[in-house]
Amino acid sequence: MKPSIPKGTRDFSPELMVKRNFIFETIKSVFKLYGYMPLETPAMENLSTLLGKYGDEGDKLLFKILNSGDFLSSANSEDMTSSSKLTNKISEKGLRYDLTVPFARYVVMNRNDIVFPFKRYQMQPVWRADRPQKGRYREFYQCDVDVIGTKSLLNETELLFMINDVFKLLGINVIIKINNRKILSGIASYIGFEDKLVDITVAIDKMEKVGFDNVVSELLGKGITQEAVDKLSPILTLSGSNTEKLDKLKMILKNSTEGLAGIEEVETILRYYSVASASSFSSLELDLTLARGLNYYTGAIIEVKAADVAIGSICGGGRYDNLTSIFGLPDVSGVGISFGAERIFDVMTELKLFPNDNNQTTRVLFLNLGEKEVAYCMPAVQKLRHDGVNVELYPDCAKFKKQMDYANKREIPFVVIAGAEEVAQSKVAIKNMINGEQTLIDIDKINL
RNA sequence: GUGGAUGUAGCUCAGUUGGUUAGAGUACCGGAUUGUGGUUCCGAGGGUCGAGGGUUCGAAUCCCUUCUUCCACCCCA
């Protein structure tokens, strides 16, 4: 049998894991700086928790888990007539689709024990039965950070600070775009199609990708009138600075209390952001075509793009006012963002941003040249390790060439050689594998 | 879910109108070199040609089915 792994899944080799961990650790360190605490939830949730939360499309993309034991015993012949009926009888669990819904479920379940505002981060894999493509997998990691139980716009601002910090540490230049669902809602009612908000947002979100003309034809296809599109066009093509755009928008949406509320939120966030703004901060751009498909957003919408690589968004999120209400806990507002680990990895690979020496790999290899020689080296090996140096001792008394070859292939920068000659002098030879230089020093004076 | 490509050695790929024992580079293993890796030279191993079925005297090559990977939609990170 030829071994294989399921479609859209990947193994991560040690070399890849060192790089992936660098990203995860960096992101995690920033989360901690802002007072967020880790949370993990099970890979599988009850299907009742998952179903209906991501729309019809999302339901189709859920991985469902077959019940244990004689799963067919609870199904009757009528259930066999349709897949959906049968599914309900033979499957009651599914793999998590994202980290936000399990988070909401957790908050509702533990509402009496949680101290609000509740700040948590979560970095775990999620699964979608999507058709794999370049950069799209059936199993992938999300790095979510959310705060729930506070309506303060300070939270949005701090999320923007965290975005700055993370990408600064990773060395990626980014453009941060923000928008507000209330503004979009105001625009929808301004053009007379308040009920088509979802269709409108889905369409205009594609502006950058497919262009203005295609967005217009999609809108017309969804039943938006030409007249409404004509009112919408000048808004979507507003240009100028953030304040110029907001000023124009205020005029246009002057009759929409919701739209004006959205504008005020954006202004507040921009003001907070500029107060702390340093020259190193990424630019913050109001983008009225930014919508993001997720329809549970109710306020701010945030998206981050890499400035030097065309790869789509590498981080995104927003505010949601009613996420926990589906589980019976209304009026708890939250805001959060998610870092796309896989895409960040691709960006860093393309820009060659991974550090070479990140203290993850072996720094020194002691050759194994026999029982006596091993006993001679062992104290020095342990001392180095306890001093924080990553050290390996070759496990077998293999041929010299083979051991050197191992060091070379593993890209270990130093090799310590202690054979009969060195033992006799209480010394060791240290070979620098990069420039080939070799020096002889006392065994108790190894310093690397 | 829809449409289009793809699959030959661990990897990257040749392989003529269907014709004898399917090749190359690279990697791997051994040797040149019994205490010195990365360069060089020599040698060896490695394949159910994605899988299954069909056409044919004969299939890597033609046909059908299926799986994989990739691309474009839908959607999304």
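Order of the sequence lines sets the chain letters (A, B, ...), proteins ahead of strands, with each chain counted from 1.
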Checklist entry - Starting at CG of Asp199(A) and ending at P of C75(B), how long is that distance when rounded to a whole Å? => result 10 Å
Checklist entry - Centroid-to-centroid, Tyr97(A) to Phe63(A), below 6.0 Å? => result no
Checklist entry - If you take atom types as modelled and just measure distance, does the side chain of Asn408(A) reach the base of G37(B) with a donor-acceptor pair under 3.5 Å? => result yes
Next on the checklist: With the threshold set at under 4.0 Å for non-hydrogen atoms, list the residues of residues 416-426 of chain A touching RNA chain B in residue-number order.
Outcome noted: Ile417(A), Gly419(A), Ala420(A), Glu421(A), Glu422(A)
Item to check | Interatomic spacing from CG in Asp146(A) to CD1 in Ile337(A) - rounded to 0.5 Å | outcome: 8.5 Å
Checklist entry - Mapping Glu218(A) and Gly340(A) onto RNA chain B by nearest heavy atom, which one lands closer to the 5' end? => result Glu218(A)
Checklist entry - Looking across every strand, which nucleic acid part, if any, lies under 4.0 Å from Asp130(A) by heavy atom: base, sugar-phosphate, or nothing? => result base
Next on the checklist: Using a 4.0 Å heavy-atom cut-off, does Tyr137(A) contact any base of the nucleic acid, only the sugar-phosphate backbone, or nothing at all?
Outcome noted: base
Checklist entry - Which part of the nucleic acid does Gln438(A) contact within heavy-atom distance under 4.0 Å: base, sugar-phosphate only, or nothing? => result base
Checklist outcome for this item: Per atom distances to the Lys399(A) side chain, the nearest of C75(B), G31(B), A72(B) is G31(B)
Checklist entry - How far does the P atom of G7(B) sit from the matching atom of A51(B), given to the nearest Å? => result 13 Å
Next on the checklist: If I pick the C1' atom on U56(B) and the same atom on U6(B), what distance separates them, to the nearest angstrom?
Outcome noted: 26 Å
Next on the checklist: Dot-bracket, 5' to 3', for RNA chain B please: Watson-Crick or G-U pairs under 3.5 Å, [ ] where pairs cross earlier ones, | where the partner sits on another strand, dots elsewhere.
Outcome noted: (((((.(..((((.....[...))))..((((.......))))......(((((..]....)))))).)))))....
Next on the checklist: Just so I know, are the side chains of Thr362(A) and Val364(A) near enough to count as touching, which here means a heavy-atom distance under 4.5 Å?
Outcome noted: no
Checklist entry - Glu342(A) and salt bridge (charged side-chain N to carboxylate O under 4.0 Å, His left out): which partner among Arg10(A), Arg136(A), Arg138(A), Lys19(A)? => result Arg10(A)
Checklist entry - How long is the line joining CG of Leu61(A) and P of A77(B), in whole Å? => result 11 Å
Item to check | G23(B) to U16(B) separation - C1' atoms, rounded to the nearest Å | outcome: 14 Å
Checklist entry - Base, sugar-phosphate, or nothing for Gly316(A), non-hydrogen atoms under 4.0 angstrom? => result nothing
Checklist entry - Quick one: on RNA chain B, does Ile5(A) or Gln142(A) contact a more 5' nucleotide (nearest heavy atom)? => result Ile5(A)
Next on the checklist: Ring of Phe140(A), cation from Arg128(A) - is the NZ or CZ under 6.0 Å from the centre and inside 45° of the axis?
Outcome noted: no
Checklist entry - Which part of the nucleic acid, if any, lies within reach of Lys206(A) when heavy atoms closer than 4.0 Å are counted: base, sugar-phosphate only, or nothing? => result sugar-phosphate
Checklist entry - Rounded to the Å, how far apart are Asn368(A) CG and U36(B) P? => result 17 Å
Next on the checklist: With rounding to the closest Å, how many angstrom separate the P atoms on C70(B) and A59(B)?
Outcome noted: 33 Å
Checklist entry - For the pair made of CG in Asn214(A) and P in A72(B), what is the distance, rounded to whole Å? => result 16 Å
Checklist entry - Of the nucleotides C75(B), A72(B), A77(B), which has the atom closest to the Arg128(A) side chain? => result A77(B)
Next on the checklist: Below the 4.0 Å mark, does U68(B) have OP1 or OP2 next to a side-chain nitrogen or oxygen of Lys7(A)?
Outcome noted: yes
Item to check | Touch class at under 4.0 angstrom, heavy-atom based, for Gly8(A) against every strand present | outcome: sugar-phosphate
Checklist entry - Ignoring hydrogens and geometry, is there a side-chain-to-backbone donor-acceptor pair from Ser185(A) to Lys182(A) under 3.5 Å? => result no
Checklist entry - Under 6.0 Å between ring centres, would you say that holds for Phe366(A) and Tyr394(A)? => result no
Item to check | Rounded P spacing from U40(B) to G35(B) in Å | outcome: 25 Å
Checklist entry - Can you check whether Thr150(A) reaches Phe118(A) side chain to side chain, under 4.5 Å on heavy atoms? => result no
Checklist entry - If only side-chain N and O atoms of Lys409(A) are considered, is one of them under 4.0 Å from the OP1 or OP2 phosphate oxygen of A27(B)? => result no
Checklist entry - Separation of Leu367(A) atom CG from G35(B) atom C1', in whole Å? => result 9 Å
Checklist entry - When the aromatic ring centroids of Tyr36(A) and Tyr121(A) are compared, is their separation below 6.0 Å? => result no
Checklist entry - What interatomic distance, in whole Å, is found between C1' of G18(B) and the corresponding atom of C29(B)? => result 37 Å
Checklist entry - Considering only G1(B), G35(B), C75(B), which nucleotide approaches the side chain of Arg131(A) most closely? => result G1(B)
Item to check | Nearest-Å distance once atom P is located in both U65(B) and G30(B) | outcome: 48 Å
Checklist entry - So, are Lys383(A) and Asp387(A) salt-bridged, with charged N and O less than 4.0 Å apart? => result yes
Next on the checklist: Looking at Phe103(A), I'd like to know if the NZ or CZ of Arg120(A) sits under 6.0 Å from its six-membered ring centre while staying within 45 degrees of the ring's axis.
Outcome noted: yes
Item to check | Interatomic distance where NZ belongs to Lys60(A) and P belongs to U2(B) [whole Å] | outcome: 10 Å
Checklist entry - Taking atom P of C76(B) as reference, at what distance in whole Å does atom CG of Asp205(A) sit? => result 8 Å
Checklist entry - Are any of Gln133(A)'s side-chain N or O atoms less than 4.0 Å away from OP1 or OP2 of A72(B)? => result yes
Checklist entry - Can you tell me how far P of C75(B) sits from OH of Tyr97(A), to the nearest Å? => result 12 Å
Checklist entry - Looking across every strand, which nucleic acid part, if any, lies under 4.0 Å from Ile412(A) by heavy atom: base, sugar-phosphate, or nothing? => result nothing
Next on the checklist: I'd like the P distance from A9(B) over to G52(B), given in whole Å.
Outcome noted: 16 Å
Item to check | Donor-acceptor pair present, Arg136(A) side chain and C75(B) base, under 3.5 Å | outcome: yes
Checklist entry - Can a donor-acceptor pair be found between the side chains of Tyr272(A) and Glu158(A) at a distance below 3.5 Å? => result no
